[in-house]
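Okay, so here's the structure we're looking at.
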Amino acid sequence: MTRQPGPLRIGNASGFYGDRFDAMREMLTGGELDVLTGDYLAELTMLILGRDRLKDPGAGYARTFLRQLEECLGLARERGVRIVANAGGLNPAGLADAVRQLADRLGLPVRVAHVEGDDLTAAHPGSLAAHAYLGGFGIAACLREGADVVVTGRVTDAALVTGPAAAHFGWGPGDHDRLAGAVVAGHVLECGAQATGGNYAFFHEAARSGRDLRRPGFPLAELHEDGTCVITKHPGTGGFVDVGTVTAQLLYETAGARYAGPDVTARLDTVRLTQDGPDRVRIDGVRGEAPPPTLKVGVNRLGGFRNEVAFVLTGLDIEAKADLVREQLTDALAKSPPAEVRWDLVRTDRPDAPTEETASALLRLVVRDPSQEAVGRALSGAAIELALASYPGFHVLAPPGKGSPYGVFEDVYVPQGGVDHVAVLHDGRRIPVPPAHDTVVLDEVPEPPLPQPLSHGPTARAPLGLVAGARSGDKGGNANVGVWVRSDDAWRWLAHELTVDRFRQLIPESGRLKVTRHPLPHLRALNFVVEGILGEGVAAQHRFDPQAKALGEWLRSRHLDIPEILL
């Protein structure tokens with residue numbers, strides 16, 4: 001890339017595989033950009049692509065990315081916008097070839113490069129897909145050699161920003177503070193509209209103030225050579241960008257003060273956010289440290305088969321009805337019980353309800369087993385045979401099927417030098433990308449000093465969400481819940497009130513699990529990590545909300561004694 005004066009404008013057009021299809025065109029036509037990124041990969045996506053590859057060895061990449069390029073590749077070429085996406089998934093070389101064929105068909109002289117070396121499946125027998133999280137210097141090498149489109153496999157989400165920034169500004173591996181600033185910018189951009197008002201805790205306040213949240217625009221970062229940036233969006237697009245939306249995204253799927261990656265460890269406890277005008281938030285102060293000596297590897301494998309049935313229990317005697325059907329199915333499956341059986345009674349019913357739905361509770365049965373037969377016909381037959389022989393009002397939301405495969409995710413670690421990170425250029429040349437030589441083993445950051453507690457005064461019993469925002473998500477079998485407030489007085493209260501013990505009281509299913517609290521005073525935030533709450537990861541569908549997307553909203557709905565001065 002040729003260095004130009006002024007900031008590097010990097011936009012995002014995808015936060016997941018299946019995101020808004022028109023976003024690529026919207027970002028290319030809505031305003032000035034230098035680079036357009038797309039994040040298509042998640043832990044679950046890698047499993048889905050792995051299953052695709054079982055059926056077709058030539059598959060394994062995000063096909064919607066190709067369809068988007070069919071409409072937008074010429075437009076990007078006209079506007080001089082480079083495209084960088086991790087849509088290559090399990091087969092970046094295959095996607096690069098497909099993009100070249102598309103460009104030839106469209107008559108466009110486009111240079112396409114890709115990054116490889118993340119695939120470690122052969123080293124993990126029995127896995128469906130095992131891929132290391134690479135950094136951004138492979139992307140940077142492709143861009144420095146003139147690539148117009150760069151596709152990758154598994155890289156960190158932030159690498160889609162650190163790579164273009166390193167290429168544009170000439171950063172090297174030792175520019176830790178600058179790289180850390182780009183990592184923070186990349187983390188804000190990676191989930192698309194979550195930075196512009198999507199999934200935002202205080203959405204109702206924004207709507208009352210006249211902001212249109214029906215179709216939020218996608219975010220972009222104006223990144224500077226010193227690693228500082230401004231998060232914004234194209235003029236006239238929906239949604240909004242303020243300190244709250246950026247704080248929420250910074251807390252999403254993170255943990256403590258050290259946010260580690262293959263290029264740099266960013267110190268989230270140094271991030272400072274400032275409203276820099278309408279829909280503009282400045283990020284500065286970010287400090288970086290040398291990355292850890294290891295790379296994370298996401299290992300996906302098939303765990304077996306699962307099936308589910310939800311019994312609807314209506315009216316009186318809900319508990320007794322649940323006990324009856326449990327006993328009946330336990331007896332029916334006694335000859336060959338599934339390896340794992342889980343019952344959950346969800347009391348959505350209310351007394352003297354005005355509608356049948358609000359008079360009903362759900363009894364969910366989830367079974368898992370290595371054998372499809374054990375969770376398929378055996379369960380469906382036993383459940384349906386109860387239709388005329390069980391509790392009054394017997395019916396189910398849907399009959400159980402034949403059982404479907406489920407996945408298991410785990411993360412393991414390999415040395416930085418344990419992968420062959422390579423930039424493969426448009427002319428076939430291969431440029432090896434050396435591992436980081438300056439590394440530091442991760443260690444916990446000492447807990448920062450907390451503010452003085454808020455002075456005692458009258459309190460009222462009220463939901464936490466009247467004062468605090470939250471955003472939650474998944475990392476393997478763990479969930480994080482980031483909680484933040486918007487004033488210094490609220491922070492003085494939250495920092496002392498929402499302890500680990502209080503969190504466990506409010507979220508009872510965390511009571512027997514390890515819960516770690518990470519204060520981030522500059523953000524007026526606490527980040528809680530709950531280990532093991534998601535079992536073996538999202539693909540295993542261990543709980544009702546398998547990605548913990550709404551765990552933070554549940555926490556906000558719980559009642560506490562809140563100082564009246566904050567309400």
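Every value quoted in this text rests on a predicted model; they were computed, and no experiment measured them.
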Distance, nearest 0.5 Å, that separates CD1 of Ile231 from CD of Glu222: 9.0 Å

Donor-acceptor contact present, side-chain Ser472 to main-chain Gly552, <3.5 Å: yes

Any residue meeting side-chain contact (heavy atoms from CB on, under 4.5 Å) with Ala550, in chain and number order, not counting sequence neighbours: Asp545

Close side-chain approach of Leu47 and Phe409, heavy atoms under 4.5 Å: no

Residue pairs fulfilling ring pair (Phe, Tyr, Trp, His ring centres under 6.0 Å) with at least one residue in residues 258-280, sequence neighbours excluded: His187-Tyr259

Side chains of Pro292 and Thr265 in contact at under 4.5 Å (non-hydrogen atoms): yes

CE-NZ distance between Met27 and Lys233, expressed to the nearest 0.5 angstrom: 10.5 Å

Side-chain (Asp276) to main-chain (Arg282) donor-acceptor, under 3.5 angstrom: no

Heavy-atom donor-acceptor pair, Thr196 side chain to Gly217 backbone, under 3.5 Å: yes

Thr270 side chain to Arg287 backbone, donor-acceptor under 3.5 Å: yes

Any donor-acceptor pair under 3.5 Å from Ser557 side chain to Pro463 backbone: no

Atom CZ of Arg342: over 12 foreign heavy atoms under 6.0 Å: yes

Residues Arg347 and Asp349 bridged, charged N to O under 4.0 Å: yes

Gap between atom CG of Leu526 and atom CG of Leu494 - 0.5 Å precision: 4.5 Å

Asn480 side chain to Val529 backbone, donor-acceptor under 3.5 Å: no

Stepwise salt bridge (charged side-chain N to carboxylate O under 4.0 Å, His left out) test for Arg20 and Asp22: CA-CA 6 Å; Arg20 188 190 307 166; Asp22 292 338; over 6 Å; no

Polar side chain donor-acceptor pair, Asn12 to Asp39, under 3.5 angstrom: no

Side chain to side chain donor-acceptor pair (under 3.5 Å) involving Arg517 - partner list, sequence neighbours excluded: none

Side chain to side chain, Leu250 and Val188, heavy atoms closer than 4.5 Å: yes

Any donor-acceptor N/O pair, Asp279 side chain to Val241 backbone, under 3.5 Å: yes

Arg211 NZ/CZ over Phe202 ring centroid, <6.0 Å and within 45° of normal: no

Heavy-atom side-chain contact between Trp484 and Leu520 under 4.5 Å: no

Phe544 atom CZ, over 12 foreign heavy atoms within 6.0 Å: no

Contacts of Phe503 that satisfy ring-ring contact (aromatic ring centres under 6.0 Å, His included) - sequence neighbours left out: Phe528

Working for salt bridge (charged side-chain N to carboxylate O under 4.0 Å, His left out), residues Arg154 and Asp157: CA-CA 9 Å; Arg154 201 12 140 183; Asp157 300 336; 3.7 Å; yes

Smallest separation among heavy atoms of Ala266 and Val184, with atom names: CB-CG2, 4.4 Å

Gln505, CD: over 12 other non-hydrogen atoms inside 6.0 angstrom: yes

Evaluation steps, side chain to side chain contact (heavy atoms under 4.5 Å, CB included), between Val414 and Thr294: CA-CA 5 Å; Val414 298; Thr294 56; over 6 Å; no

Name every donor-acceptor pair, under 3.5 Å, that has one atom in a side chain of residues 433-459 and the other anywhere in the protein, sequence neighbours excluded.
none

Sequence-distant partners of Tyr133, ring-ring contact (aromatic ring centres under 6.0 Å, His included), two or more places apart: none

Exam field: side chain Arg471 to backbone Gln194, donor-acceptor pair closer than 3.5 Å: yes

Quiz: residues 558-567 side-chain donor-acceptor pairs under 3.5 angstrom, not counting sequence neighbours:
residue : atom : partner : partner atom : Å
Arg558  : NH1  : Leu506  : O            : 2.5
Asp561  : OD1  : Arg461  : NH1          : 3.3

Thr254 versus Asn527, side-chain donor and acceptor atoms under 3.5 Å: yes

Of all pairs that satisfy salt bridge (Lys or Arg N to Asp or Glu O under 4.0 Å), the ones with a partner from residues 520-534, not counting sequence neighbours: Asp488-Arg524, Lys514-Glu531

Flag side-chain contact, heavy atom, 4.5 Å: Leu220 against Leu33: yes

Ring pair (Phe, Tyr, Trp, His ring centres under 6.0 Å): pairs with one or both residues in residues 204-240, sequence neighbours excluded: Tyr200-Phe240

Heavy-atom side-chain proximity of Asp118 to Val419 below 4.5 angstrom: no

Close side-chain approach of Gln547 and Leu534, heavy atoms under 4.5 Å: no

Heavy-atom pair with the smallest gap, counting every atom of Ala85 and Tyr40: CB-CE1, 4.1 Å

CZ (Arg350) with more than 12 external heavy atoms under 6.0 Å: no

By ring-ring contact (aromatic ring centres under 6.0 Å, His included) - contacts of His131 (at least two apart): none

Side-chain donor-acceptor pair present, Thr499, Asp501, cut-off under 3.5 Å: no

Check: Arg82 and His168 side chains under 4.5 Å, non-hydrogen atoms: no

By side chain to side chain donor-acceptor pair (under 3.5 Å) - contacts of Arg178 (at least two apart): Glu225

Donor-acceptor contact below 3.5 Å, side chain Asp263 vs main chain Gly135: no

Listed partners of Trp554 passing ring-ring contact (aromatic ring centres under 6.0 Å, His included), at least two apart: none

Under 3.5 Å donor-acceptor, Glu43 side chain and Gly476 backbone: yes

